[in-house]
Amino acid sequence: MEVSNREVARKLLLLSELQEITGDNVFKIRAFYRAADIIDRLNNPVALMSDEDLRLVPGIGPAIAKKVREIGKTGTCNELEELRAKVPPSLVELLNLEGVGPKTIAVLWKKLNVQCIGDLEKAAAGHRIRSLKGFGEKKEQGFLRSIALYRAAGGRMDRVEAESVINNLSGAFTPGTWVVAGSYRRGKSSIGDIDIVTTESASVINPKLKNRVDEVIDEGERRTSVRVRGHRVDIRFTHERQLGSMLIYLTGSKEFNIRLREIAIESGRKVNEYGVQERADGKIHEFSNEQDMFAFLGLQNIIPELRENQGEIELARNYQLPQLVGLTDIRGDLHVHSDWSDGSLTLEQLAMNGETLGYDYILCSDHSATLGITHGLDEEKLQRQSHEIERVNRMGGTCTLLHGTEVDILVNGSLGLQDHALSELDLVIASVHTSLKEDRDSMTRRVIMAVENENVDIIGHPTGRLLGKRPPFEIDLSRIIDRAKETGTSLECNASPWRLDLDDTDIRHSKELGVPISIGTDTHHEDDFSHMRYGVTIAQRGWCSAKDILNSLTLQELLDWAS
DNA sequence: GCCGTTTTCGGCCCGACTGTTTTCAGTCG
C-alpha cells in the first residue's frame, strides 16, 4: 500500500524533532520541519512522484527528496532509524510541555536519564533538577506545572470555544480598542491559543485581567500572557500609529511573517511588530493600518484568511490575488433539517428564516430512514413532505424551499433511499453516518459509489470528523475529489463549527480541480443558520471565489446544474 | 538542508520575557 503524504510528513517531523534534541544544525532542522509541512499540504502523493517532480517542489532539495523516496518505499529512512536507536523517541513528547525545549530535554536526558514525562515528574518531585547547572527551584516547579497542564489540556479549541474565551476577557478592554488576531482572525477551524492586540496600555489592562483569568503566565509592558479556562491568551500592547504592523505580526501565520521579512530584506529593510526599518539609516516607517504597510512593501492587501505563505504573497506582489467569496455572495443554505427528521423547525419556519436571511432558497435535507436515531424519512414520508413543501412555497414567500434529503451512504455503498425516490428530489446530499471504522480502501470505494450515483449531487461532510472529538475517517480524499470532478458531483463544506468538513486545504484541492463546493450549515436549530459565516471563512481559506461555490448560483442556475 | 534578478557559498525573521545569571541562553510566538 502506498504511503500517504501525512505519514511521510509525520516521519520527517519526527526526524526534525530528534535532530533538535541531539542538537543538530538549526537550519537543517528547519529545512526538515518546513518540508514536512509542505508535504502535508500537497495534493499529489509524494510516494508516487518522480525524483524530478519532487525536486521541483520548493523546499525540497536533493537530500530531502532522497529521504522522501526512501520513506515512500520502506515507511522509514536510515537517518530516522539511526536517531531512534540513539535517542529515546519518548523524549519527543516532552517538547509539548510549556517551557521545555530541545536544549532542556537534552540536558535532562543526559544528566538525569529522563526519558519520558513520568521520569521528569519524578525528578522534579524528588528535587533532583535543582542540582543541575542553569536550573533552579523555579524551573523545577515550572516543570511540574507544565506536566499537570499538559495532562489536563483540552487541546485545541473550536471556534465557538474560542469565542467564549474571548468573551471572558472582553470586559477588560474598552470597546473599539482591541482586536483578536492570531489563528482565530485567520479563520482557522481549530485554534491553539488566543492573541489580542490592544491600543490601551499595559498599566490600564494588566490590573483588570487579574480577576478574569486562571493564571498570569507572564506580565510585561509590551506583552502579557494569561491562561483562561486552560487556554493561553497573549495580549500585545501597541500605539495606534503602529497598530498595522502589530496586527500583521500577531495575526501571522508564522510562515507568512517569515516570508514577509525575507521580502523586506530584499529591499534593504527589516520588518518587525513596530514597523518597517531601513537598514541603511535605521529610519522606522510606522503604519496605523495593515493595508498601508502591505502597500509600502509593494503588496496588494492580503486578507487574514489567506496569510499562510501558500502562494498568496507572490500573487500579492503582482496584484493578482483572487476575488474571494463573501457572505453576501451566498444565495441560500444547502443543508438544513426540519422537524420531519431531527431538526426543531417546521417547514414554514425554514422558509421564514431563509427570507429573514435574504436567501433565495433553502435546501430542506432531512435524514433518510435508515438512520434510526434521527427519525428519518422513508420513500412514502418523503412524498408527503414533498406536498407540504409545495404548499409552503405556494404561500408566496421570497425564499424557495427546495426538496432534498441527506441520504445515508450504507456500508455496502448503496443509499438509504431508492433511486426512484431520489430522482424526484431537487437536490440530494449523500453522507456517511454509520460504520465509521472501515479501512481506507473500503471507505473510499463506498463513498465513490455514492459519487457515481447519478441522483447524488453533493457529498455531505466528506471526512466525518468532529473537531476535537472524532478524527476524520480513513479515506483517500484525492480519489474522491478526482471522481467527483468526473461525475460533476459537489463536495460539501459543512459550516457547523464542530465539523468544518471539508477543511481549507481539501477545499483548495477540490476547487483547483473544478469540483464545486457546497456550503451548508447542517442546521437543526434556528441559531445554526448563523454558522454560514464559518463555512464562508473556510471557503476563503480554500481560495474559493463565488464561482466555485454552488450556493452562489441563482435558484434557476442551481436547478439547471442539478438536472 | 535549501536557495539565488547582489550570491553555487554564505546566508537563513525578529523580538519579548523568564530564570539563572553577573551578561545570557532558552523558549515562545
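By convention in this document, chain letters (A, B, ...) are assigned in the order of the sequence lines, proteins followed by strands, and residues within each chain are numbered from 1.
- The base-pairing partner of B:dT8, taking Watson-Crick or G-U wobble contacts with both distances under 3.5 Å, does not exist among the strands shown.
- Distance from the side chain of A:K139 is smallest for B:dG19 among the nucleotides B:dT27, B:dG15, B:dG19.
- Across all strands shown, A:R236 has heavy atoms under 4.0 Å from sugar-phosphate atoms exclusively, and none from any base.
- One side chain, A:D501 or A:T463, offers a donor N or O that lies under 3.5 Å from an acceptor on the other.
- Taking atom CZ on A:R259 and atom P on B:dC3, their separation rounds to 12 Å, with Å as the unit.
- As judged by a 4.0 angstrom heavy-atom cut-off over every strand, A:S225 is placed among residues making no nucleic acid contact.
- If you find the closest nucleotide of DNA chain B to A:D195 and to A:E219, the one lying nearer the 5' end belongs to A:E219.
- Rounded to a whole Å, the CD1 atom of A:I217 is 14 Å from the P atom of B:dC17.
- As judged by a 4.0 angstrom heavy-atom cut-off over every strand, A:E140 is placed among residues making no nucleic acid contact.
- When the nucleotides B:dA16, B:dC3, B:dG1 are ranked by their closest atom to the side chain of A:P58, B:dC3 comes out on top.
- Atom CG in A:D37 sits roughly 15 Å away from atom C1' in B:dC2 (whole-Å rounding).
- When the C1' atom is compared between B:dT8 and B:dC14, the two are found 28 Å apart, to the nearest whole Å.
- Of the N and O atoms on the side chains of A:Q242 and A:S245, not one donor lies less than 3.5 Å from an acceptor on the other residue.
- Within the 4.0 angstrom heavy-atom criterion, only backbone atoms of the sugar-phosphate kind lie near A:F135; the bases stay farther away.
- Across the interface with DNA chain B, nearest-nucleotide mapping of A:A65 and A:K254 shows A:A65 to be the residue nearer the 5′ end.
- Among the protein residues, A:R279 comes within range of the sugar-phosphate backbone only, with heavy atoms under 4.0 Å from sugar or phosphate atoms but none that close to a base.
- Residue contacts for A:R130: at a heavy-atom cut-off of 4.0 Å it reaches no nucleic acid atom on any strand shown.
- Ion pairing of A:E308 with A:K188 is absent here, as no side-chain N (NZ or NE/NH1/NH2) approaches a carboxylate O to less than 4.0 Å.
- Taking CZ of A:R236 as the start and CZ of A:R222 as the end, the distance is 7.5 Å to the nearest 0.5 Å.
- B:dT27 and B:dT21 have their P atoms separated by 15 Å, with the value rounded to a whole Å.
- To the nearest whole angstrom, the two P atoms, one in B:dC12 and one in B:dC17, are 25 Å apart.
- In this structure, A:L149 places its CG atom 12 Å from P of B:dC28, rounding to the nearest Å.
- Taking every side-chain heavy atom of A:N272 into account, B:dC14 is the closest of B:dC2, B:dG1, B:dC14.
- Distance, A:D218 CG to B:dG26 P: 19 Å, rounded to whole Å.
- Ring geometry for A:F256 versus A:F294: interplanar angle over 60°, hence perpendicular rather than tilted (30 to 60°).
- When the shell of 6.0 Å around CZ of A:R470 is examined, it contains more than 12 heavy atoms from other residues, nucleotides or ligands.
- Looking at heavy-atom distances under 4.0 Å, A:L260 makes no contact with the nucleic acid at all.
- Comparing the P positions of B:dC2 and B:dT6 gives an interatomic distance of 24 Å, to the nearest angstrom.
- A donor-acceptor contact under 3.5 Å is not formed by the side chain of A:Y249 with the base of B:dG15.
- Among the heavy atoms of the strands lying under 4.0 Å from A:D234 are primed sugar atoms or P, OP1, OP2 only; no base atom is included.
- Among the atoms of the strands shown, none is found under 4.0 Å from any heavy atom of A:V26.
- Taking atom P in both B:dT5 and B:dG1, one finds a spacing of 23 Å when rounded to whole Å.
- With C1' as the reference atom, B:dT18 and B:dT23 are 15 Å apart, rounded to whole Å.
- Checking B:dT27, B:dC17, B:dC12 against the side-chain heavy atoms of A:R30 singles out B:dC12 as nearest.
- Within 4.0 Å of A:L97, counting heavy atoms only, lie sugar-phosphate atoms of the nucleic acid but no base atom.
- Across all strands shown, A:K133 has no heavy atoms under 4.0 Å from either base or sugar-phosphate atoms.
- Spacing between atom CD1 of A:I105 and atom C1' of B:dG26 amounts to 12 Å, rounded to whole angstrom units.
- For A:K103, counting side-chain heavy atoms from C-beta on, the closest listed nucleotide (B:dT18, B:dG1, B:dT27) is B:dT27.
- Taking only side-chain atoms of A:R223, from C-beta outward, the nucleotide of B:dC17, B:dC3, B:dT20 with the closest atom is B:dC17.
- Atom-to-atom, CD of A:E98 to C1' of B:dC28 comes out at 9 Å; the value is rounded to the nearest Å.
- Listed candidates were B:dG15, B:dC2, B:dG29. Nearest to the side chain of A:K270 is B:dG15.
- Residue A:K138 is in sugar-phosphate contact alone, with no base atom involved, counting any heavy-atom pair closer than 4.0 Å across all strands shown.
- Using a 3.5 Å distance cut-off with no hydrogens or angles, the side chains of A:S496 and A:D522 do not pair a donor with an acceptor.
- As judged by a 4.0 angstrom heavy-atom cut-off over every strand, A:E137 is placed among residues touching the sugar-phosphate backbone only.
- Listed candidates were B:dG1, B:dC2, B:dG29. Nearest to the side chain of A:K28 is B:dG1.
- Between A:Y33 and B:dC2, a side-chain N or O to OP1/OP2 separation shorter than 4.0 Å is absent.
- For A:W498 and A:H461, the distance between ring centers is not under 6.0 angstrom.
- Taking atom P on both B:dT20 and B:dG26, the two are 14 Å apart, rounded to the nearest angstrom.
- Regarding A:I265, its CD1 atom lies at a distance of 14 Å from the C1' atom of B:dG10, rounded to whole Å.
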